[in-house]
Amino acid sequence: MLLYFCNMLVLDGKLVSAAVKEDLKAETQKLISAGNRAPHLAAILVGSNGASETYVASKVKNCEEIGFISTLVRFEETIDEATLLAKIAELNQDPSVDGILVQLPLPKQIKEQKVIEAIDPSKDVDGFHPSSAGKLMQGLPSFIPATPYGIMMMLEFFKLETKGKHAVVIGRSNIVGRPMSILLSSNIPNGNCTVTICHSHTHNLKEICLQADILVAALGRPEFVKADMIKTGAVVIDVGITRVTDATAKKGFRIKGDVAYDEVAPLTSAITPVPGGVGLMTIAGLLKNTLQAYKTNNGI
Ligand code: NAP
């Protein structure tokens, strides 16, 4: 059921991700019934960062829910780079593994870029390998980083018009902002926007945001986007997830997005909540990429 408040549509990630997972589960069951093995995602977690633990546990749980196999490989925070690279090499060679993800961030002694580049591009279900990023930029089939992929699925699900719109993306990271700007500006369904990409050196950010028909906030600054930055009727996609200390919360923190939801939502035509918005779609993107890797690598 679609939720509207005063003509404002809540872009409910639970609804969309449940629909995507339902499709993936049905397809997986069909593949298994036809005598194939289940798709297999291997996740590597280094250390015991609270947020990373939560993300990886959720990815593993979601795999199991739709009938994928998942393997969680855990290493101590003190692990050296060579040991991690050796494990990735082993998973690259393992024909029973379709997708590999290494949960970021990694401890200081390990170079993230080296780890990203060590993953076989055919198993790069996070879409962070330069080969995947290059293909995305050229409009070739590739693994789309899970968060932007999830956002594109959301735009499609809710039939939000993007063609010819001005999209403003705040943030230019390789995992969210930059691929998001490429997708929105590409000549694809749910693309064809005119895109402005902003970052920490952007002048007049507020004025630029005020011109946005679609605003994607991916900067990691809790409640940074305020009502005075929003054009009436804009679509607002809040990617931010920050744990903000709050002694009154059961866990001692609350999850905050990059958008001040209560003051911004009434001005919008559609907005993602945090939590319950983009975060759930990120997992849907990862699962779709894993099935894609499985099919391609097994000639299905
Ligand atoms: P990141 O790598 O830290 O990138 C942040 C980007 O925001 C950078 O490009 C930075 O500019 C820009 N920025 C920072 N402060 C700014 C400011 N005051 N004005 C304009 N631009 C500013 O972060 P990320 O990995 O992209 O993640 C962004 C947020 O999304 C975080 O809260 C993260 O937790 C969340 N996230 C959520 C999901 C999900 O599933 N919902 C997935 C991934 C990430 P410079 O390039 O100039 O430094």
Side-chain angles (χ1 to χ4, degrees), residues 11-14 16-17 20-21 43 49-59 61-62 101-106 112-113 115-116 125-128 133 136 143-155 167-184 195-212 215-226 228-230 236-245 253-261 271-289:
L11 303 174
D12 180 1
K14 266 191 232 133
V16 193
S17 66
V20 173
K21 278 164 55 184
N49 170 289
S52 295
E53 290 266 3
T54 309
Y55 295 145
V56 170
S58 176
K59 288 167 186 174
K61 181 170 152 273
N62 275 274
L101 78 82
V102 179
Q103 186 64 44
L104 303 178
L106 290 167
E112 275 185 9
Q113 191 58 27
V115 169
I116 287 169
V125 288
D126 258 338
F128 298 162
L136 178 68
F143 295 113
I144 303 169
T147 303
Y149 193 9
I151 294 170
M152 295 305 279
M153 284 186 240
M154 208 170 214
L155 295 173
V168 173
V169 179
I170 316 178
R172 58 177 166 186
S173 71
N174 287 338
I175 65 171
V176 190
R178 203 183 295 276
M180 194 67 238
S181 69
I182 292 168
L183 288 163
L184 286 171
V195 177
T196 304
I197 182 157
C198 303
H199 44 75
S200 65
H201 300 279
T202 297
H203 292 155
N204 305 325
L205 182 64
K206 181 178 152 186
E207 285 67 27
I208 295 168
C209 291
L210 275 167
Q211 295 166 24
L215 179 66
V216 181
L219 66 160
R221 303 271 181 277
E223 304 193 323
F224 179 92
V225 176
K226 305 280 196 246
D228 65 359
M229 300 165 79
I230 302 295
V236 175
I237 309 289
D238 187 352
V239 183
I241 296 183
T242 306
R243 289 181 171 201
V244 177
T245 308
F253 65 85
R254 287 191 199 281
I255 300 291
K256 294 276 181 198
D258 286 345
V259 177
Y261 187 91
I271 184 167
T272 57
V274 176
V278 172
L280 298 167
M281 293 313 302
T282 296
I283 292 183
L286 173 72
L287 297 174
K288 278 195 80 124
N289 278 342

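Scope of the values below: all heavy atoms of this structure, side chains included, with no hydrogens, waters or symmetry mates. In listed order, ligands and their atoms are each counted from 1.
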Inset, instruction - Could you tell me if any non-hydrogen atom of Gly177 lies under 4.0 Å from any atom of ligand 1? - result: no
Legend entry - Distance, nearest 0.5 Å, that separates CG of Leu183 from CZ of Arg178: 13.5 Å
Inset, instruction - If you have a sec, work out which protein heavy atom is nearest atom 22 (C) of ligand 1 and how many Å separate them, to one decimal? - result: Ser200 N, 3.7 Å
Inset, instruction - May I ask you to identify the nearest protein heavy atom to atom 5 (C) of ligand 1, giving residue, atom name and distance to one decimal place in Å? - result: Leu219 O, 3.7 Å
Inset, instruction - Would you check if the side chain of Asp258 reaches a backbone N or O of Leu219 as a donor-acceptor pair within less than 3.5 Å? - result: yes
Inset, instruction - Please report the C-alpha distance between Arg172 and Thr202 in whole Å, then the side-chain angles of each, then the deciding distance to 0.1 Å, and finally whether the side chain to side chain donor-acceptor pair (under 3.5 Å) criterion is met. - result: CA-CA 11 Å; Arg172 58 177 166 186; Thr202 297; over 6 Å; no
Inset, instruction - Tell me, yes or no, whether the heavy-atom count around Lys226 atom NZ, taken from other residues, nucleotides or ligands under 6.0 Å, exceeds 12. - result: yes
Inset, instruction - Compute the minimum heavy-atom distance from Ala218 to ligand 1 and say whether it is under 4.0 Å. - result: yes
Legend entry - Closest protein heavy atom to atom 34 (O) of ligand 1, given as residue, atom name and distance to 0.1 Å: Ile241 O, 3.0 Å
Legend entry - Taking atom 30 (O) of ligand 1 as the reference point, the nearest protein heavy atom with its distance: Val239 O, 3.5 Å
Legend entry - Heavy-atom donor-acceptor pair, Asp126 side chain to Leu101 backbone, under 3.5 Å: no
Inset, instruction - Show the numbers, then the answer: is there a side-chain contact (heavy atoms from CB on, under 4.5 Å) between Val236 and Val225? - result: CA-CA 10 Å; Val236 175; Val225 176; 5.6 Å; no
Legend entry - Per-residue contact class, Thr147 against ligand 1 - non-hydrogen pairs under 4.0 Å: side chain
Inset, instruction - Indicate yes or no for a side-chain donor-acceptor contact from Asn49 to the backbone of Ser52 under 3.5 Å, with no hydrogens or angles considered. - result: yes
Legend entry - Side chain, backbone, both or neither: the part of Arg221 lying under 4.0 Å from ligand 1 by heavy atom: side chain
Inset, instruction - Tell me which protein heavy atom sits closest to atom 9 (O) of ligand 1, plus the residue, atom name and distance to 0.1 Å. - result: Arg172 N, 2.9 Å
Inset, instruction - May I ask which of Ile255, Thr272, Thr282, Thr202 has a heavy atom nearer to atom 40 (O) of ligand 1 than the others do? - result: Thr282
Legend entry - atom 25 (O) of ligand 1: nearest protein contact (heavy atom, Å): Ile175 CD1, 3.5 Å
Inset, instruction - Identify, for atom 44 (C) of ligand 1, the protein heavy atom at the shortest distance, and state residue, atom and that distance. - result: Val176 CG2, 3.9 Å
Legend entry - For atom 29 (C) of ligand 1, the protein heavy atom that lies nearest, with its residue and separation: Gly220 N, 3.6 Å
